[in-house]
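Quantities reported herein were computed from a predicted structural model and do not represent experimental measurements. Residue numbers start at 1 and run along the sequence shown. Each ligand, and each atom within it, is numbered from 1 in the order the structure gives.
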Amino acid sequence: MIKLLVTGGAGFIGSNFVRYALHAHPDWHVTNLDKLTYAGRRENLHDVMDNPRHTFVHGDICDAAVAGPLVEAAHYVVHFAAETHVDRSIMAAGDFIKTDVEGSFVLLEAARRSPNLKRFVQISTDEVYGSVPEGSSVETDELKPRNPYAASKAGADRLAYSYWATHDVPVIVTRASNNYGPYQFPEKILPLFVTNLMDNIPVPLYGDGGNIRDWLHVLDHCRGIDLLLHSGVNGEVYNIGGGNEVKNIDLTHRVLKLSNKGTELIKPVQDRKGHDRRYSLSSAKLKAMGWAPQVPFEQGLAETVAWYQQNEWWWRPIKERDPNYRAYMDAQYGKRG
Ligand code: NAD
Ligand code: DAU
């Protein structure tokens with residue numbers, strides 16, 4: 001049986017990937033190492049927790065005694081675990097350096113000793129390129145991360161590469177654009193806005209709303225990673241972009257329409273510090289391998305909005321009863337309100 005280790009598999013993309021991998025590969029066993037930070041939730045795995053091909057391990061990637069043996073036992077590692085929210089990294093960056101950089105280092109060190117390891121996928125992000133005024137980023141472009149989250153991811157991205165170049169660890173680096181889909185923590189723009197609108201709470205739009213993000217359905221992301229596990233080339237970087245560049249104000253209008261709400265619920269707030277204006281990826285390298293996004297944005301967005309509307313059991317306890325969430329929201333939006 002093929003052994004896949006997923007780190008951060010109780011988070012948004014990780015939980016979608018665990019579900020995807022169990023379904024797509026009936027001969028795989030998935031071990032899922034997650035610290036269950038505020039963003040990692042057992043609820044995200046409610047339908048796979050009892051699957052005999054899934055083993056959940058509650059632990060920290062920075063803990064070599066826990067993470068090391070799991071990496072050493074794996075054929076494939078897909079490393080999602082990270083602190084991921086830009087606004088939190090602007091408030092306090094320590095956890096980002098610890099988990100994103102040092103945690104990746106712990107896993108890569110273990111990967112050097114892993115006898116059967118075929119692939120170590122370092123999940124990076126389009127944010128490492130920094131803001132892209134025109135054109136689209138290709139994998140060889142200079143990295144110019146502009147916020148502490150993006151810089152921590154860029155550090156891990158290049159550290160992983162160095163373990164391929166120096167130690168021959170079978171590393172592949174992926175840089176994806178903004179994912180959307182079910183189980184995204186409601187501090188990110190889409191789930192925050194959809195769930196606010198359900199309660200007629202205004203949606204806080206940063207700055208002039210003209211910032212552009214490229215939206216990728218989480219399952220298209222999963223399919224891209226799967227293709228690279230099988231057919232990628234070690235030491236290479238692959239962009240995974242959705243090809244749906246949308247201004248935040250336009251995204252907001254679409255969500256308002258899908259929610260049957262009016263524009264009076266848009267609340268312009270102070271801009272994010274160092275707010276990257278635009279991300280844009282060329283995915284030509286991955287497309288040449290046969291990958292293409294399958295979920296049309298209009299359809300994916302409508303389904304995603306409907307998912308949050310139909311799954312209050314999932315998000316309402318976070319928004320209404322999680323003290324970490326409440327403290328973050330007060331710190332973040334209190335001052336902007
Ligand atoms: P998320 O915040 O929803 O989940 C992160 C998960 O990592 C959580 O389950 C959390 O408990 C876990 N985790 C955090 N610190 C840990 C530690 N020290 N040890 C073990 N587990 C730990 O994040 P996401 O949005 O699903 O992103 C997953 C990965 O994809 C990240 O590496 C992120 O940088 C990258 N990425 C995200 C996007 C996006 O749009 N969300 C786009 C490109 C790349
Ligand atoms: O681009 C990939 C990145 O996408 C990932 O690497 C990150 O982990 C992920 O969090 C995401 O980062 P963003 O900063 O792009 O996502 P966020 O949802 O926080 O913000 C999306 C855009 O919406 C951004 O331009 C800021 C804006 N925004 C966000 C929030 C939370 C608002 O206008 N209001 C808000 O309340």
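- At a heavy-atom distance under 4.0 Å, no atom of S15 approaches ligand 1.
- Atom 3 (O) of ligand 1 has its nearest heavy-atom neighbour, among Y38, F12, W215, in F12.
- Taking the six-membered ring wherever Trp is involved, the centroid distance between the rings of F80 and F17 falls below 6.0 Å.
- Any N or O atom pair closer than 3.5 Å counts here, and R41 shares no such pair with ligand 1.
- Below 30°, between 30° and 60°, or above 60°: for H85 and Y328 the angle between ring planes is above 60°, a perpendicular geometry.
- When each atom of ligand 1 is checked for a heavy atom of D60 under 4.0 Å away, the hits are 17 (C), 18 (N), 19 (N).
- At a 4.0 Å heavy-atom cut-off, ligand 1 touches T99 through the side chain alone.
- Residue-level proximity to ligand 1 for Y149 is carried by the side chain, the only part with a heavy atom below 4.0 angstrom.
- Residue K153 has at least one heavy-atom neighbour below 4.0 Å for each of these atoms of ligand 1: 31 (C), 32 (O), 33 (C), 34 (O).
- Using a 4.0 Å heavy-atom cutoff, I123 is listed among the residues neighbouring ligand 1.
- Ligand 1 places these atoms under 4.0 Å from at least one heavy atom of N178: 40 (O).
- Contacts between H85 and ligand 1 below 4.0 angstrom, taking non-hydrogen atoms only, are absent altogether.
- Taking 4.0 Å as the cut-off, Y180 does not count as a neighbour of ligand 1 on heavy-atom distance.
- Residue-ligand proximity: A67 is placed with every non-hydrogen atom at 4.0 Å or more from ligand 1.
- Remark: minimum distance from atom 4 (O) of ligand 1 to any protein heavy atom is reached at G11 CA, 3.4 Å.
- Only the backbone of L36 comes within 4.0 Å of ligand 1, judged by heavy-atom distances.
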